[in-house]
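Encoded as C-alpha cells, here's the structure I'll be asking about.
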Protein chains: 2
Amino acid sequence: MPRKASARLDDVARSAGVSLSTASRAISEPGLVHPDTRERVQRAVAMLGYVPHGAARALASRRSRTLGAVVPTLDNPIFASSTQALQRTLAAAGYTLLLASHEYDPEAELAVTRALVERGVDGLVLVGSDHSPELARFLAQSNVPFELTWTLDPAGHHHCVGFSNRLASIRMAQHLLDLGHREIAVLSGYTANNDRARERVARVREALAGRGIPLPEARVVETAFSVARGRAALRGLLEQDPKLTAVICGNDILALGALLECAARGLAVPADFSVAGFDDIELAAEVSPALTTVRIPTARIGQRAGERLLARLAGKRVAKAEEVPVELMLRASTGPVPAGAARRGAKRAPVNPVRTAARKPRR
Amino acid sequence: MPRKASARLDDVARSAGVSLSTASRAISEPGLVHPDTRERVQRAVAMLGYVPHGAARALASRRSRTLGAVVPTLDNPIFASSTQALQRTLAAAGYTLLLASHEYDPEAELAVTRALVERGVDGLVLVGSDHSPELARFLAQSNVPFELTWTLDPAGHHHCVGFSNRLASIRMAQHLLDLGHREIAVLSGYTANNDRARERVARVREALAGRGIPLPEARVVETAFSVARGRAALRGLLEQDPKLTAVICGNDILALGALLECAARGLAVPADFSVAGFDDIELAAEVSPALTTVRIPTARIGQRAGERLLARLAGKRVAKAEEVPVELMLRASTGPVPAGAARRGAKRAPVNPVRTAARKPRR
DNA sequence: TTGTACGCGTTATCAT
DNA sequence: ATGATAACGCGTACAA
C-alpha cells in the first residue's frame, strides 16, 4: 500500500518561496542558508507536515542513515540488552536500526544479512566470529563496514568489540581453586554455531588446566538456556559425579537453575557447594548473594559497537579490536572448603581470596 | 561512506543480453518472463553478485517491504519476546524490521516513530494505546497503517492485538478469593506513561471489588522492574500491613522478588502466603512451583501483529481488535488458608478450586 | 547565499 | 514475452 500522496520538498519550496535546493539545504544543512530563509522553510515544513522521503534521500545521497544489526535472537537477554543499547546510541545520532535475527541458523543469517544490505544499511553489527564462508564472502564483496560483537575475533581480521572470555575464565577458576575446589563441572549453553558458548567452555578448561585441574568432557553439560534446564543439568551432573564441589555456568539463567537444584538438595551455597557463572543480566546475582559471577557489560557492547561504526562512517579511525572490561563479583565470604554434593570430608581452604579491583568488600 | 560502486541492474541486463525491464521482471516477477530468459538473468545476477538497491526500488515502487516497530525498551523481556516473534514473521514474508525504542519517553516515541516513517516503513507496530496527541496526529496524517499491541484499545479506534487484563485479573482474584484470601496487596511496575501497568492494577482492583474486597491505595506499590525492587516492595508492604496473606504481582520479575522475600521471612508459599502474578516470560514460574500465574503469550502478540499488518498490506480484511488467550496456571495445591505474614490464626478455606481449561492437574 | 539541472537505480506504463 | 522511456523525490555539483 503506497504512502498517501503527501507534501514533497518542492511543495515546501514553493510555499516558502525558495528553490528546491535551498529548501533541501535548509533541512539537511541549516548552517548554509540565511536565517530568515531557513525560518521560512521551517515554517512551511511545519505547515505542510512535510516528512522527507528516505528512499529518495538515500538514492540521491547514497547513504541511508540506517544501520543493521543481525543477532541470533532477542529472546536471549544479553542480545536484547546490547541491541537496546545500540538502538539508543543510533537514535541519538539520527540513525535508525534495521534489525534481523536468525535463531542460530547460518543460512538464515546469510539471508537476513543480505536483506539488510539490500535495504542499504550504511553499516552492520554482527554477533560473534562464527559465520559461514558464504556470509564472509558476501560481506567482503558488498563492502559494507561492519563490527563483530561479543568476540575479540581471535583471527584478528575484523573490527570487533567484546570481552575476554579468557580473563573472565581465569578469574573464576582462580577464585574457585583458591577456595580449595578441585572437583569442578561446567554448565554450558549449546555450542553448535555459537562461538561464544564454545569459547567460554574452552577458556574455562584452559584456566583450570593452567592450575593442573583437568576438565573431562563428562563434566561439561550442554543444555538449552532456561532455569529448568540448568537445574536438570546440574542434577544429572551431581548424580553421575557426587564428588563435585563446584559448578561454573555459562550464563546466569543456568546459574539460577543450578542454585535451585542446590536448594532442593539441601546444599548450602557456598558452604556446601559453590556456583559461579558468567553474569549477563544480573539475574542470578540478584537472587542469591552467594554467587560468584563475572559480570558482563552487555549494554556497553551494543553501545560501543554503534559508536565505533558511526565513527568509522564519519571517517574517524578506531582501534580494530576493543575489549570491554568485565567485573569479578564475589558475594560469598570465603570459608572452609565445602564437602561437596556428597557431603564428604573437607580439606581446609587456603584463606586467599581473589583480588580484583571490582571486588565488592563484604566480609 | 557510500556503498562501493557495485553491479547494477543494467549490468545484469547487459550481461544477460536483455533489456533493463526484462531483467527487472525476471527478478521481481519471474512468472512473466520466458524460462530461458529468466535463467540467463539469474546466472548474470549470480556472476556479478548483484544486490538490488532497496532505495531505488522503494522510490520507484512506492513500497519498502519494511515494517517498523516502536517499543518502550527491549530490556523488558516481554517486548524482546514479541519483537523477536515479529521479526521472524516478517523475515519469512520477505519483509525487514525497522526497530526503535523510546524508554517510556513520549517525546522520544514521537521522534523515533517519525524517523521510521521517514524511512518509508509500509506499516507500524506500536505498544499500548497510551500515546501523545502529537503522535496520534502524526499517525493520522502520515497515513501509515499500524497495529497497537499489548492492548485491546479500550476506545476501539484502532487495529490492535492484545489480551484481556480484565479476564486475567478476574481469574487471579477469583482464585485467591476462593482460597480464602481477603487481605491482598498489589505489586506493580511504574504506571506513568504505561497503560499496560495501569490497566493491570485497575483490573485487579475491579476484580477484587467485584467480590467485595477493596484494594486501598496503600496496598498498591509501584516499583522498578527488578527482582531486588520487587523484594524490597513486598518487604515494605508486609511491614506496614502484617495482616496481608497474598500479593498479586504485575509481572514475573516482581513475583520472583516477592518469592524471595517470603523465603527470607520463612513464609512458605503458598502455605503461609500466596503469590500470584502476570507471567510474561515464565521465569518466576520456573523458579517456584508454588506460584499462581496468568501466562501471557508474548510471542504470539508479536507474531499476530506482523501477520495482521502483512494481511492488511495485501488488501485483506482483518478484525479490528484481536484478543489472544491467556492461561491461568495453578501450580499450588489448595489447602488451609494461610495465616498471613503475621502468622496469625487462620480460617478454613472453602475447597473450591478455580476451574479453567488450562489448569494443570496436580494434586 | 541561492538557483539550475542532472543523476541516483529501479519500477511501471505503454508499445511492439 | 520483451523493450523503450518516463517517473519516483531528493542531493549536489556547478553556476550565478
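Throughout, protein chains are lettered first and strands after them, A, B, ... in sequence-line order, and every chain is numbered starting at 1. These numbers come from a predicted model, not from an experiment.
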Partner residues of Ala60(A) under the side-chain contact (heavy atoms from CB on, under 4.5 Å) criterion, sequence neighbours left out: none
salt_bridge(Arg304(B), Glu307(B)) N-O dist < 4.0 Å: yes
Whether Phe146(A) and His158(A) hold their rings parallel, tilted or perpendicular, with breakpoints at 30° and 60°: tilted
Set of residues satisfying ring pair (Phe, Tyr, Trp, His ring centres under 6.0 Å) with respect to His159(A), sequence neighbours excluded: none
Residues that Tyr95(B) engages under ring pair (Phe, Tyr, Trp, His ring centres under 6.0 Å), provided they are two or more places apart: none
Which residues share a side-chain contact (heavy atoms from CB on, under 4.5 Å) with Thr96(B), sequence neighbours left out: Leu98(A), Ala115(A), Leu116(A), Arg119(A), Thr66(B)
Nucleic acid contacts - residues 15-23 of chain B versus DNA chain D, non-hydrogen atoms under 4.0 Å: Val18(B), Ser19(B), Ser21(B), Thr22(B)
Arg38(B) vs His34(B) side-chain heavy atoms within contact, under 4.5 Å: no
Estimated bend of the helix from dT1(C)-dA16(D) to dT16(C)-dA1(D) (axis per five terminal pairs, rounded to 10 degrees): 30°
Those residues that, when tested against Gln42(A), pass side-chain hydrogen bond (donor to acceptor under 3.5 Å, both in side chains) (two or more places apart): none
Given DNA chain D, 5'-ward residue of the pair Tyr50(A) and Leu32(B), judged by closest heavy atom: Leu32(B)
Residue list, side-chain hydrogen bond (donor to acceptor under 3.5 Å, both in side chains) with Arg198(B), at least two apart or on another chain: Asp130(B)
Pairing residues for Thr113(A) by the side-chain hydrogen bond (donor to acceptor under 3.5 Å, both in side chains) criterion, not counting sequence neighbours: none
Span of DNA chain C, from the first to the last nucleotide whose atoms fall under 4.0 Å of chain B heavy atoms: dG9(C) to dA12(C)
Partners passing salt bridge (charged side-chain N to carboxylate O under 4.0 Å, His left out) against Glu109(B) (at least two apart in sequence or in another chain): none
Bounds of contact between DNA chain D and chain B, in 5' to 3' order, using a heavy-atom cut-off under 4.0 Å: dA1(D) to dG9(D)
Minimal non-hydrogen separation, Val51(B) against Phe138(A), with atom names: CG2-CE1, 3.8 Å
